[in-house]
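Written out below as structure tokens is the structure these notes cover.
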Amino acid sequence: MNQDRNSGALRRKPVQKRSVERFERLLDACAQLLDEVGYAALTTKEVARRADVPIGTLYQFFSDREGLIGALAVRNLESFMARVEGRLEREKPEDIPGIVDVTIDEFVTMRRTVTGFGVVDFGAVGQDHVLNPSLDNNTAVAGRLRSLTASLTGVQDDAELEITVRVALECADSVLQLAFRTDPQGDARLIAECKRVLNSYLNDRLRSDQEN
């Protein structure tokens with residue numbers, strides 16, 4: 001049973017400038033502590049102390065620790081999508097390898113440079129529905145990437161594209177986890193192999209879709 005579907009709610013979104021600043025400070029503190037102590041040892045009390053925010057204020061925004069993690073995952077995903085879309089707009093790749101390179105490179109860069117991203121990228125272990133209560137994390141991410149893929153390649157955004165992007169994401173997730181398992185910077189050979197696998201699969205599937 002996925003208990004995380006019923007926990008981790010964001011109680012309210014900040015609106016006023018002061019509230020937004022506190023909200024972001026709490027997420028920054030959470031990310032720092034994830035790198036320092038890990039997910040299991042993270043506490044809301046220490047996050048509030050590190051952010052110099054009253055614990056009551058933390059609970060105005062977040063229902064619990066999982067809510068805090070969920071908000072961080074959402075921020076990470078929005079940042080990732082903005083980075084990918086920004087580079088694609090600037091570089092305008094004309095083929096699948098160019099799109100794959102940008103997407104993988106931005107994920108790898110965030111993994112190397114963004115605080116806490118190695119512990120919580122778009123979700124956390126045992127918290128499978130932090131981005132969307134009705135979808136597991138990878139399905140939610142795949143939905144965002146599917147829309148982007150359709151707009152860039154001209155393929156129809158349908159059930160076939162949905163399964164194609166989902167499979168590609170699961171492959172990338174597994175290989176990139178392996179790449180960073182023993183190397184904090186990511187094993188360059190495995191990152192290159194990840195791109196190779198995705199290019200082969202996506203070229204085959206998307207070309208087939210276009211022909212049909």
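The chain is numbered in sequence order, starting from 1.
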query: Cation over ring, R22 on F61, under 6.0 Å and within 45°?
result: no
query: Does a sphere of radius 6.0 Å around CZ in R196 hold more than 12 heavy atoms from other residues, nucleotides or ligands, not counting ones at 6.0 Å or beyond?
result: no
query: What distance separates D183 CG from R189 CZ, expressed to the nearest 0.5 Å?
result: 9.5 Å
task: Using a 4.5 Å cut-off on heavy atoms from C-beta on, say whether the side chain of L34 contacts that of L72.
output: yes
- request: Could you state whether V100 and M81 fall into the same hydrophobic cluster, counting links through intermediate Ile, Leu, Val, Met, Phe, Trp or Tyr residues with side-chain heavy atoms under 4.5 angstrom apart?
  value: yes
Test log, rule side-chain contact (heavy atoms from CB on, under 4.5 Å), inputs E85 and E106: CA-CA 10 Å; E85 290 169 1; E106 288 305 319; over 6 Å; no
- request: Report the distance from atom CD of E89 to atom CG of L152, rounding to the nearest 0.5 Å.
  value: 9.5 Å
message: Please enumerate all residues that pass salt bridge (Lys or Arg N to Asp or Glu O under 4.0 Å) together with D95, with sequence neighbours excluded.
response: none
Main-chain N/O of D121 paired to N76 side chain as donor or acceptor, under 3.5 Å: yes
query: Between S151 and L148, is there a donor-acceptor pair closer than 3.5 Å when you use the side chain of the first and the backbone of the second?
result: yes
query: When you look at L27 and L68, which way does the side-chain contact (heavy atoms from CB on, under 4.5 Å) test go after all the steps?
result: CA-CA 7 Å; L27 294 186; L68 187 61; 4.0 Å; yes
With D105 via salt bridge (Lys or Arg N to Asp or Glu O under 4.0 Å) - residues at least two apart: K195
query: Taking all atoms of both residues into account, what is the closest heavy-atom pair of G116 and D35, and its distance?
result: N-OD2, 3.0 Å
query: Counting only heavy atoms not in K13, do more than 12 sit closer than 6.0 Å to its NZ atom?
result: no
- request: Apply the test salt bridge (Lys or Arg N to Asp or Glu O under 4.0 Å) to residues D136 and R166: give CA-CA distance (whole Å), side-chain angles for both, the deciding distance (0.1 Å), then the verdict.
  value: CA-CA 11 Å; D136 67 83; R166 180 61 193 273; 3.3 Å; yes
task: Report whether F23 and I55 are members of the same hydrophobic cluster (ILVMFWY, side-chain heavy atoms less than 4.5 Å apart, transitive linking).
output: yes
message: Run D28 and Q32 through side chain to side chain donor-acceptor pair (under 3.5 Å) and show every step you take.
response: CA-CA 6 Å; D28 290 342; Q32 292 166 4; 6.0 Å; no
field: Spacing of D173 atom CG and N138 atom CG [to the nearest 0.5 Å]
entry: 5.0 Å
- prompt: Does a side-chain heavy-atom distance below 4.5 Å link R83 with T109?
  reply: yes
query: Quick check: does any side chain N or O of R65 sit under 3.5 Å from a backbone N or O of Y39, one acting as donor and the other as acceptor?
result: yes
Reported OG1-to-CG distance for the pair T139 and L131, which is rounded to 0.5 angstrom: 10.5 Å
Backbone N/O of I96 and side chain of N203: donor-acceptor pair under 3.5 Å: no
query: Is there a path of hydrophobic side-chain contacts, each under 4.5 Å between heavy atoms of I, L, V, M, F, W or Y residues, that connects V175 with V84?
result: no
statement: Nearest heavy-atom contact between A142 and L169 is N-CD2, 3.6 Å
query: Can you find a heavy atom in the side chain of R50 that is under 4.5 Å from one in the side chain of E36?
result: yes
- prompt: Under a 4.5 Å side-chain heavy-atom rule over Ile, Leu, Val, Met, Phe, Trp and Tyr, are F180 and L190 clustered together?
  reply: no
task: Would you name the heavy atoms of V37 and A41 that are closest together and state the gap between them?
output: O-CB, 3.6 Å
message: Contact between E21 and K17 at the side-chain level, heavy atoms closer than 4.5 Å - yes or no?
response: yes
message: Do D187 and T182 make a side-chain contact, defined as non-hydrogen atoms from C-beta onward lying under 4.5 Å apart?
response: no
- line: Between C194 and A172 the two heavy atoms that sit nearest each other are SG-CA, 3.7 Å
- prompt: Distance from L26 atom CG to D52 atom CG, nearest 0.5 Å?
  reply: 10.0 Å
message: Is there a continuous path of hydrophobic side-chain contacts, each under 4.5 Å between heavy atoms, that joins L178 to Y201?
response: no
Backbone N/O of R75 and side chain of S79: donor-acceptor pair under 3.5 Å: no
- request: Determine the minimum heavy-atom distance between D157 and A150, stating which atoms define it.
  value: CB-CB, 3.8 Å
query: Parallel, tilted or perpendicular: which describes the rings of F122 and F117, with under 30° parallel and over 60° perpendicular?
result: perpendicular
Side chain proximity check, I191 to F107, heavy atoms < 4.5 angstrom: no
field: Candidate pair T153 and L161, rule side-chain contact (heavy atoms from CB on, under 4.5 Å), full reasoning
entry: CA-CA 11 Å; T153 63; L161 182 61; 5.9 Å; no
- request: Find out whether L202 and T149 are in side-chain contact, i.e. whether some heavy atom of one side chain is under 4.5 Å from a heavy atom of the other.
  value: no
- request: Kindly compute the distance separating OG1 (T57) from CZ (R25), expressed to the nearest 0.5 Å.
  value: 9.5 Å
message: For a quick test of reading the model, state the closest non-hydrogen atom pair linking R205 to E160 and the distance between them.
response: NH2-OE1, 3.0 Å
